[in-house]
Amino acid sequence: MKKPIISLDSITFRYPNSVHDVLKQVSFSIHEGEWVAIVGHNGSGKSTLAKLINGLYFPENGEIHIAGIKLDNSTVWDTRKHIGMVFQNPDNQFVGTTVQDDVAFGLENHGVPYEDMVKRVIGALKQVKMDDFLNQEPHHLSGGQKQRVAIASVLALRPDIIILDEATSMLDPHGREEIISLVRQLKEVQGLTVLSITHDLEEAAKADRIIVMNDGEVFQTGTPDEIFKLGDELVKLGLDLPFPIKMANTFKEQGVPLQGQYLTEEELVIELWTSHFKK
Amino acid sequence: MDISLQKVEYRYAAGSPFEKLAIEDVSFSVPSGQYVAIIGHTGSGKSTVLQHLNALLKPTAGSVVIGDRTVRAGRKEKELKSIRQKVGIVFQFPEQQLFEETVLKDICYGPMNFGVSEEEAKNRAEYWIEEVGLSREILNQSPFDLSGGQMRRVAIAGVLAMQPDLIVLDEPTAGLDPRGRKEMMDMFYRLHKERNLSMILVTHSMEDASVYADKIVIMHKGKKVHEGTPREIFADAEKLKQWDLSVPEVVHFQRLLEHKTGILFPVVCLTMEELVAQWKQLSGGHPL
Ligand SMILES: Nc1ncnc2c1ncn2[C@@H]1O[C@H](COP(=O)(O)OP(=O)(O)OP(=O)(O)O)[C@@H](O)[C@H]1O
Ligand SMILES: Nc1ncnc2c1ncn2[C@@H]1O[C@H](COP(=O)(O)OP(=O)(O)OP(=O)(O)O)[C@@H](O)[C@H]1O
Ligand SMILES: [Mg+2]
Ligand SMILES: [Mg+2]
């Protein structure tokens, strides 16, 4: 049995000036080395969850444990050491006046020795292909470049847990794939735990597990297969289905019979080929 | 309102040690009532191009024609307000355009700045907030106490409330949930059709570019490298690769299917319905 590295137990929360509870009785746990995607409509509470896990706010009710430590006012600096978070708007997290200073900033705070720091800064910026921009001001980058730098800052920290809050939303499809497979590689090699908040269902389809949020509550948790079986129920929640499933549905609607559920284009192509041509 | 860029160059911080050439020799036009999508890799200059369309940036060489106005490099421009009134821009990050203490004030700011009465501005705010899928309750909240997707919707409502002649959208669906994405894109398209509005959309969604645009412009490393109809652009995946771009998913799927079955479709299909219709014709002779 794997160890949970993040666990939430009956979390209820509202912002100081909010009228309703923003999170209601939210419970789930995430295991070490797991990749979990959080999906849900706008305003369903995803970013709020991330902020609570990172100790930027504290729940009204319920408990959060990070790496076995109960998160509260007195432990927040310990729990944060385990977590690297990429915020939804990268401009909110830049602190340095140059790209390299910005990435170095977090490492300085963690007391990383100078030489090691330089290596890690350059290494992380190379990984996200931003090593040509070392001395540019982070606020003066393009949208996608900002997101890449924000990700580098977190990679350089080498945390145990990475929280990505729509961290690749402004990247082109190819760039998005590159970054996701980079993080995936770190997960495989270093056992990184990844919590990825995303509206990109193709990305969610590749997670180990998906948590579906709806109006401040956990609607359902399961493997991508289990979640996408919900079909129209997801659509009603403001979500969508991955392309291969929608493609298969269109075939069925137009009277082309198909069995099963296809999470990849390849599976669907093979099915079409074998059932309709290979006779 | 016709728009055209003529050999536009832009250098950030021109003349300083930090000078940075962002775009050069960019020319293209958007005839009145056309829907143009601009696509291109990260940092290729898309947002820089867009900011020229309401004279937020002025070219360091070349000129930009916006309706009856021409913004030329090296010339002082008077009265930019009339341009800004006609051109509504939804910025890449919604935080870039929200600043008032309530959502209501934020949406009313643009229209009132251009001479609309307070009452009329409020009416428009109440109308557009619901059009973008939010409830009127939100009008009294601070725009900074909203979720990312809610901020995006408020920013869109603010631009539409100005009733511009040209709508410029810089990745307007980033941060929206899937339903919101579809609803907003359909709403923009409806406005484009019903009011004959010109639209310029920067997007990383090849699907949106292929479905909505009349014409696609490709930016690469600060230059315009190609333009054409969606069908022309997406017929050639190899060509797109050199600019680090890909085809919409349905086209990718079509190519996989062609590869596996050895049967070539006569056209490139831009929607799932089109693809299924083609498939039924092609597999017609076979037992289903
Ligand atoms: N600082 C704040 N003060 C008050 N209310 C807030 C604040 N931030 C968010 N909210 C509200 O809390 C709810 C949840 O917001 P949250 O940012 O967690 O949503 P989300 O799921 O991340 O949405 P999105 O997909 O749009 O980013 C929303 O109704 C939002 O309006
Ligand atoms: N304020 C600025 N000062 C200096 N350079 C800038 C500034 N804004 C953008 N740049 C640079 O100009 C180039 C073009 O940027 P632009 O924002 O136009 O790209 P983009 O195509 O919109 O990219 P993305 O898809 O990532 O948003 C980039 O290399 C960027 O680093
Ligand atoms: Mg959010
Ligand atoms: Mg941009």
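So you know, we letter chains A, B, ... as the sequences are listed, proteins then strands, and number each from 1. This one's a predicted model, so the numbers in the text were calculated from it and none came from an experiment.
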Can you find a heavy atom in the side chain of A:L272 that is under 4.5 Å from one in the side chain of B:W279?
yes
Answer key: most heavy-atom pairs under 4.5 Å with chain B among A:D240, A:L268, A:L171 is A:L171
Run the side-chain contact (heavy atoms from CB on, under 4.5 Å) check on B:M272 and A:K246 step by step: do they pass?
CA-CA 8 Å; B:M272 293 190 278; A:K246 282 194 292 187; 3.9 Å; yes
For B:Q242, is the CD atom crowded, meaning more than 12 foreign heavy atoms sit under 6.0 Å from it?
yes
Do A:Q136 and B:F18 have side-chain heavy atoms sitting under 4.5 Å apart?
no
How close do B:A174 and A:S169 get, heavy atom to heavy atom, and via which atoms?
CB-O, 4.0 Å
Against chain B, label A:L237 side chain, backbone, both or neither, depending on which of its atoms sit under 4.5 Å from a heavy atom there.
backbone
Which atoms of A:F87 approach chain B - backbone, side chain, both or neither, heavy atom under 4.5 Å:
neither
Cut-off 3.5 Å, side chains only: do A:H174 and B:D244 have a donor facing an acceptor?
yes
Quick check: do B:Q92 and A:M170 have side-chain heavy atoms less than 4.5 Å from each other?
yes
Show your working on side-chain hydrogen bond (donor to acceptor under 3.5 Å, both in side chains) between B:E95 and A:N89 and close with a plain yes or no.
CA-CA 9 Å; B:E95 288 90 342; A:N89 180 350; 3.1 Å; yes
Could you tell me which portion of A:D165 (side chain, backbone, both or neither) has an atom closer than 4.5 angstrom to a non-hydrogen atom of chain B?
neither
What part of A:S47 lies closer than 4.5 angstrom to a heavy atom of chain B: side chain, backbone, both or neither?
neither
Going from NZ on B:K20 to CD on A:E137, what distance comes out if it is rounded to the nearest 0.5 angstrom?
13.5 Å
Are there more than 12 heavy atoms of other residues, nucleotides or ligands under 6.0 Å from atom CG of A:N92?
yes
Counting only heavy atoms closer than 4.5 Å, note whether A:V19 contacts chain B via side chain, backbone, both or neither.
neither
Which heavy-atom pair separates B:F93 from A:P90 by the least distance, and what is that distance?
CE2-CD, 3.7 Å
A:I270 and B:K260: CA distance, side-chain angles, deciding distance, side-chain contact (heavy atoms from CB on, under 4.5 Å) verdict
CA-CA 8 Å; A:I270 289 170; B:K260 186 79 190 170; 4.2 Å; yes
Please report the shortest heavy-atom distance between B:G43 and A:S142, naming the atom on each side.
N-OG, 3.5 Å
Among B:S205, B:G40, B:G175, single out the residue with the greatest number of heavy-atom pairs under 4.5 Å to chain A.
B:G175
Taking all heavy atoms of A:E265 and all of B:L256, pick out the closest pair and write down the distance.
OE1-CD1, 3.5 Å
Side chain B:K280, main chain A:G255, donor-acceptor under 3.5 Å
no
If I measure from the heavy atoms of chain B, does A:F251 come under 4.5 Å with its side chain, its backbone, both, or neither?
both
Audit row: A:Y15, B:D145, side-chain contact (heavy atoms from CB on, under 4.5 Å) steps and yes/no
CA-CA 9 Å; A:Y15 289 94; B:D145 287 350; over 6 Å; no
When the 4.5 angstrom heavy-atom criterion is applied to B:K182 and chain A, the contacting part is neither
Can you find a pair of side-chain heavy atoms, one from B:H252 and one from A:F243, that are under 4.5 Å apart?
no
Sort A:Q145 into side chain, backbone, both or neither according to what part of it lies under 4.5 angstrom from a heavy atom of chain B.
both
Report which part of B:T42 has an atom under 4.5 Å of a heavy atom belonging to chain A: side chain, backbone, both, or neither.
both
For B:D177 and A:N42, the nearest pair of non-hydrogen atoms, with its separation, is OD2-N, 2.8 Å
Going by heavy atoms in the side chains, are B:E249 and A:E202 under 4.5 Å from each other?
yes
For the NZ atom on B:K241, are there more than 12 heavy atoms of other groups (residues, nucleotides or ligands in this structure) within a distance under 6.0 Å?
no
Can you tell me which portion of A:K46 sits under 4.5 Å from chain B's heavy atoms? Options are side chain, backbone, both or neither.
neither
So, the part of B:L275 with a heavy atom under 4.5 Å from chain A: the answer is side chain
Per-residue contact mode, B:S246 against chain A (heavy atom under 4.5 angstrom):
side chain
Pairwise distance CG(A:D172) to OG(B:S44) - rounded to 0.5 angstrom:
8.5 Å
Of the listed residues (A:M247, A:E266, A:E253), which shares the most heavy-atom pairs with chain B below a 4.5 Å separation?
A:M247
